[in-house]
Amino acid sequence: MGKDQELDKKMYVLDTNVLLHEPLAYLSFQEHDVVIPMTVLEELDHIKDRKRDVSRDARIAIRSLDGVLKDASPEEMLDGVRLPSVQSSNESGPLSRGKLIIVNDHLFPDSISGLPGNENDHIIINCAVRLQKQHTQTKVVLVTKDINMRLKAKGAGLQFVEDYRTDQLIDDIKLLSLGYKKFSGDFWQSVGDCTSEQQGRYTLHHVPKSLLPDVFCNEYLVDDSEHFAARITGYDDANITLKDLGVERLMHQNAWGVQPKNVYQGMAMDALLDPNIELVILTGPAGCGKTLLALASALEMIIEKGIYDKVIVTRNTPEIAESIGFLPGTEEEKMAPWLAAITDTLEVLHKNDESPISSRNYIMEKANIQFKSVNFMRGRSIQNAVVILDESQNLTASQLKTIITRCGEGTKLICTGNLAQIDSNYLTPLTSGLTYIVERFKHFEGSATINLNGVVRSRLASFAEENL
């Protein structure tokens, strides 16, 4: 029995990029031991003083490690310090935790002749291989987000190598929520008992939960009849409450002169114009109308309806949201090249005016449209505004958390992004912050996600999206 338990024990060796991706990653391995090689601490030390966003994560990782190890003697650090216990949501007592071990990997002789040079990656791989030889009854796992390092570690004889996936909520991007369900056939033909009530201009229907067992708040429903469309406003174990919208009503919405071109845009506009939905996430291919709908709805709610006071438009700058460079002028002037999509969209919205440029400038002043860098959002509290976060697929989950937690009372956040156009070297569609918030917020009653299926920009753009 003791041997079986020993075999079940795991020892995770963390690479530097794991702690930069998630500074508290070492707390995510439950009852298993976590090894931090000395080389990783050295790399964190070199990174912490750079003038880059990643330096903040390095400093957080160093401070949190110090919080666990500060009272430990050198012998205790090498033997392992018990990680802090956390309360389990399913049990009354705290979960047992493994140990945090600092290993001086520079003392290990080089046992991998196939990895030349003195690169840090090779030293960390050598450390994991040595631990594998020393702890034959324990599963030693190297955890790194570097694909090439994972390949080299396998080639060097390490049996277990993994990516860090604790913050990866889905295994396949095809499983990502679209924000709507398409019902086969005629929806009402499949509904048995149904009670309805009138609520202002809208009708609410209460249908059995067994009809759609897997649903979440503000998810839309459409069927093959091309007439039925509804939004789920609530549910319990027995019933789902549907707000009857109808395709015709969706298609006749209007925001700043813009009308939906398909039912997906209709669903998006319904969510965008609803002040009770504080977070709207628009995903989809280039040319599907994400930015146009977001900006048109924002202008409608600010100028025509007076619900909000201003528009704040932000996006990451090219160097992974690190810097806005040395362009001359104010912050807004520096951001202008990266936010050209917004000014282009404003010109499209006023292309029939006598002077589109003058109209654009007038509206930017009247709607109080402000361009901000993601770098300077930290520490702010934004009240009574529409915040449009463009190209959010290039942000990490922690960067998106920084922005979402800035939103105060009466603020609506619109995140737009295309997971097929990730520019970051460190993100994939599965690890993008956009994917993370789509999954995290899908059960939140104040959010809605819409995947705008179909390119409406032009015939050329549509063909390129499908065939290139």
Side-chain angles (χ1 to χ4, degrees), residues 174 176-191 194 196 201-205 207 211-212 214-235 240-277 279-298 300-301 345 348-349 414-420 438 441-442 447-459 461-463 465-466:
K174 293 177 182 176
L176 185 66
S177 170
L178 298 175
Y180 60 85
K181 281 187 171 63
K182 197 155 188 179
F183 201 85
S184 298
D186 189 324
F187 179 79
W188 292 116
Q189 293 293 328
S190 306
V191 176
C194 171
S196 302
R201 297 168 51 211
Y202 293 94
T203 304
L204 299 182
H205 305 289
V207 301
L211 191 67
L212 294 161
D214 182 25
V215 294
F216 50 88
C217 275
N218 295 321
E219 187 175 24
Y220 288 83
L221 295 176
V222 291
D223 65 8
D224 293 333
S225 69
E226 299 184 358
H227 299 294
F228 169 76
R231 189 173 92 203
I232 295 169
T233 58
Y235 59 89
I240 300 171
T241 302
L242 301 179
K243 181 180 180 180
D244 197 340
L245 299 171
V247 172
E248 187 176 352
R249 178 180 280 177
L250 286 179
M251 297 302 291
H252 280 83
Q253 296 175 105
N254 189 298
W256 206 248
V258 174
Q259 284 191 302
K261 290 191 174 182
N262 55 41
V263 70
Y264 309 107
Q265 288 194 355
M267 292 186 287
M269 194 173 282
D270 177 70
L272 289 166
L273 294 174
D274 189 341
N276 295 317
I277 299 179
L279 171 64
V280 179
I281 305 168
L282 302 180
T283 64
C288 63
K290 301 183 293 292
T291 305
L292 181 73
L293 291 174
L295 197 53
S297 300
E300 181 75 16
M301 291 185 291
T345 302
V348 169
L349 291 172
I414 304 169
C415 295
T416 70
N418 176 12
L419 289 167
V438 166
F441 280 91
K442 68 181 182 182
S447 74
T449 298
I450 308 295
N451 179 263
L452 293 169
N453 193 358
V455 178
V456 296
R457 181 172 286 164
S458 68
R459 186 172 63 168
S462 180
F463 183 84
E465 184 69 32
E466 293 171 8

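In this chain, residues are counted from 1 in sequence order.
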Below 30° counts as parallel, above 60° as perpendicular, anything between as tilted: where do the rings of Y264 and Y180 land? tilted
Is it true that a side-chain atom of K290 and a backbone atom of G284 form a donor plus acceptor pair closer than 3.5 Å? yes
With a 4.5 Å limit on heavy-atom distance, are the side chains of K442 and T449 in contact? no
Check A229 against L250 and note the closest heavy-atom contact, atom names and distance. CB-CD1, 3.7 Å
Between S447 (side chain) and F441 (backbone), is there a donor-acceptor pair under 3.5 Å? yes
dist L272:CG -> L295:CG (nearest 0.5 Å) comes out at 11.0 Å
Full working for side-chain contact (heavy atoms from CB on, under 4.5 Å) between W188 and H205: CA-CA 11 Å; W188 292 116; H205 305 289; 3.6 Å; yes
Output yes when K181 and E219 qualify as a salt bridge under the 4.0 Å nitrogen-oxygen rule, no when they do not. yes
Can you tell me how far apart CG (L273) and CD (Q253) are? Round to the nearest 0.5 Å. 6.0 Å
Non-hydrogen side-chain atoms of V258 and L293 separated by less than 4.5 Å: yes
Looking only at heavy atoms, what is the nearest atom pair of W256 and A296, with distance? CB-O, 3.5 Å
Do you know which two heavy atoms are closest between G234 and C217, and how far apart they sit? CA-SG, 4.4 Å
Would you say that more than 12 heavy atoms from the other residues, nucleotides or ligands in this model lie under 6.0 Å from the CD of E248, or not? no
Starting at CG of N218, measure out to CD1 of I450 and round the result to the nearest 0.5 Å. 8.5 Å
How many angstroms lie between NE2 in H227 and CZ in R249, if you round to the nearest 0.5 Å? 15.5 Å
Output the distance between atom CG (L204) and atom CZ (R231), rounded to the nearest 0.5 Å. 10.5 Å
Taking all atoms of both residues into account, what is the closest heavy-atom pair of L242 and F228, and its distance? CD1-CZ, 4.5 Å
Using the rule given for side chain to side chain donor-acceptor pair (under 3.5 Å), can you reason through D186 versus S225, listing the C-alpha separation, both sets of side-chain angles and the distance that settles it, and then say yes or no? CA-CA 6 Å; D186 189 324; S225 69; 5.0 Å; no
Evaluate the criterion side-chain contact (heavy atoms from CB on, under 4.5 Å) for residue pair C415 and L279; output intermediate values, then yes/no. CA-CA 8 Å; C415 295; L279 171 64; 4.1 Å; yes
Hey, does L245 have a side-chain heavy atom less than 4.5 Å from the side chain of Y202? yes
Report the C-alpha separation of L212 and L221 in whole Å, then their side-chain angles, then the decisive distance to 0.1 Å, and conclude whether the side-chain contact (heavy atoms from CB on, under 4.5 Å) test is met. CA-CA 10 Å; L212 294 161; L221 295 176; 3.4 Å; yes
Between the main-chain N or O of F187 and the side-chain N or O of D223, is there a donor-acceptor pair closer than 3.5 Å? yes
Check step by step if side-chain contact (heavy atoms from CB on, under 4.5 Å) holds for F183 and L211. CA-CA 10 Å; F183 201 85; L211 191 67; 4.3 Å; yes
Could you report the tightest heavy-atom contact between P285 and L452, atom names first, then the distance? CD-O, 3.5 Å
CG (N451) and CG (L178) are apart, to the nearest 0.5 Å, by 5.0 Å
Correct closest heavy-atom pair for S297 and M269 would be OG-CG, 4.3 Å
Do K243 and D270 meet the salt-bridge criterion of a basic N to acidic O distance under 4.0 Å? no
